[in-house]
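Treat the numbers as computed from the prediction; the structure is a model and nothing was measured.
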Amino acid sequence: MSGSGRGAVVTLGEALVSLRSVGPLAIGGPLTMHAAGAELNVAVALARLGHESSWGGVLGDDELGEFILRSLAAERVDASRVRRDSRPTGIMFLEARTPEVSRVFYNRRGSAGARLSPHDVDHILDRDLAWLHLTGITPALSDVARAAVLHAAERCRRRAVPFSVDINFRSKLWSTDEAAEVLPWLIEGAEVVIGSPAELALAAPDGATLEAAAEELLGTGVGEVVAKLGADGAQAFTPHGALHAPAFPVRAVDTVGAGDAFTAGYLSARLDGEDVAGRLRRGCLLGAFAVGHLGDWEGLPRRDELALLDLGDGETHR
């Protein structure tokens, strides 16, 4: 177990089942089934790295909800405070339209995950917490889910519990205007805010550039602003300056989930007491593991596997 401090690292949000196709959905073909959701992905990644990890949310009282719980149990992620609901568990279809282009379709309107309430949050967070991780996805699902996530952030602020927010803007769930109205309330006082340059601009509308957006967010009391730059790596901004880290060169098989993997790696290193350079490196490292394997989290490393990408191309670890 790593030194993540007293209590659990909790991620809060919606989990859903991802059905993946290797070709066009319109012509049929086999689908593979995966437990998914940004907050779930982070919880699994942290558990693989030895942190005491917990996921909280609402699942349907159905077979898909049962599948997600079994997946979490197999990964040693605590889900003991998950509520089951009569609404169905959400579904995401992922279509590999070409080797370079994928499309996502959702069947999650009115899902169990959208029923997350402030009362659920109080039950989930009624424990010793080392850290809480939130995203901008769950507040886009419904009014009650939005209230729940904002309540979770406010609860952390009142109780001096450190928390992070990965903006994770989803244009199919809400508009940029809606997101820009909610995000400043969500990220206020966060220790870490993570997003792409465009996502960070939503939270800092006066920032004309990435640097300006980061400066604006730091000025509101955010501790660290981290920009995910894809193939260009990542950049972190703190009150002490900015630092860039390159991506690890790997052959991409599936890029979905890479951002969540980066987030988990960054938070893991921070919980371990690493400096900013170490946090960026571990974030980029987990992102590289993620893109090299099908599935959001299936290819993510255990702690004893973190050095594998330091081997040369084509090498076999014996």
Side-chain angles (χ1 to χ4, degrees), residues 11-48 53-80 82-116 135 137-138 140-141 145 166 168 170 172-173 252-261 263-264 286-287 289-302:
T11 71
L12 177 71
E14 184 200 27
L16 65 168
V17 167
S18 171
L19 298 175
R20 293 169 176 260
S21 169
V22 295
L25 289 169
I27 64 171
L31 297 168
T32 57
M33 185 170 171
H34 306 262
E39 300 89 350
L40 179 148
N41 295 341
V42 172
V44 170
L46 290 171
R48 286 208 177 170
S53 176
S54 177
W55 173 79
V58 182
L59 290 173
D61 191 14
D62 52 23
E63 296 305 303
L64 298 186
E66 195 65 29
F67 169 74
I68 290 172
L69 288 178
R70 288 173 63 87
S71 299
L72 289 170
E75 294 296 327
R76 297 181 175 85
V77 175
D78 172 47
S80 60
V82 169
R83 179 169 66 84
R84 308 296 292 274
D85 191 85
S86 60
R87 302 284 182 100
T89 301
I91 301 173
M92 176 180 76
F93 294 90
L94 180 65
E95 172 192 68
R97 195 62 185 85
T98 73
E100 292 77 26
V101 177
S102 296
R103 296 191 294 188
V104 171
F105 304 93
Y106 298 124
N107 185 2
R108 69 206 300 187
R109 185 175 298 277
S111 70
R115 303 274 288 178
L116 180 72
T135 79
I137 295 176
T138 300
L141 297 177
D166 190 344
N168 261 331
R170 297 291 185 267
K172 291 187 177 182
L173 298 179
V253 174
D254 182 356
T255 60
V256 176
D260 302 327
T263 294
L286 259 69
F289 272 101
V291 301
H293 197 284
L294 290 174
D296 286 16
W297 50 263
E298 283 82 348
L300 295 181
R302 301 185 307 270

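Here the shortest heavy-atom pairing between Ile68 and Thr89 reads CD1-CG2, 3.7 Å. Scanning all heavy atoms of the two residues, the minimum distance from Phe67 to Ala35 falls at CE2-N, 3.4 Å. Among all heavy-atom pairs drawn from Leu16 and Gly37, the shortest one is CD2-CA, 3.7 Å. The two residues Ile137 and Ala38 have their closest heavy-atom pair at CD1-CB, 3.7 Å. The minimum heavy-atom distance between Leu40 and Thr11, with the atom names listed, is N-OG1, 4.4 Å. When all heavy atoms of Thr138 and Glu14 are compared, the pair lying nearest together is OG1-N, 3.2 Å.
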For this session: Evaluate side-chain contact (heavy atoms from CB on, under 4.5 Å) for Ile91 paired with Leu64, printing each intermediate quantity in order.
Result: CA-CA 9 Å; Ile91 301 173; Leu64 298 186; 3.7 Å; yes
For this session: Decide yes or no on side-chain contact (heavy atoms from CB on, under 4.5 Å) for Asp260 and Thr135, but give the supporting numbers first.
Result: CA-CA 10 Å; Asp260 302 327; Thr135 79; 5.9 Å; no
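Screening Met92, Met33, His34 for a side-chain contact (heavy atoms from CB on, under 4.5 Å) involving Val17 leaves a single residue, Met33.
Inter-residue side-chain proximity for Leu116 and Leu12 is flagged as met; some heavy-atom pair is nearer than 4.5 Å. Within the 4.5 Å cutoff, side-chain heavy atoms of Leu94 are placed close to those of Ser102. No side-chain heavy atom of Thr263 sits less than 4.5 Å from a side-chain heavy atom of Leu286.
Note that the CG atom of Leu19 and the OG1 atom of Thr32 stand 8.0 Å from one another [nearest 0.5 Å]. Atom CD of Glu63 is separated from atom CZ of Arg70 by 10.0 Å, given to the nearest 0.5 angstrom. For the atom pair OG (Ser18) and CH2 (Trp297), the distance works out to 11.0 Å, reported to the nearest 0.5 Å. Residue Asp62 holds its CG atom at 13.0 Å from CZ of Arg87, rounded to the nearest 0.5 Å.
For the pair Arg84 and Glu66, the salt-bridge criterion is met [side-chain N within less than 4.0 Å of a carboxylate O].
For the side chain to side chain donor-acceptor pair (under 3.5 Å) test, residues two or more places apart in sequence or in another chain that qualify with Arg103 are Glu95. Arg76 pairs by the side chain to side chain donor-acceptor pair (under 3.5 Å) definition with nothing, not counting sequence neighbours. Partners of Ser86 by side chain to side chain donor-acceptor pair (under 3.5 Å), not counting sequence neighbours: none found.
When atom types are taken as modelled, the side chain of Arg115 and the backbone of Val58 share no donor-acceptor pair closer than 3.5 angstrom.
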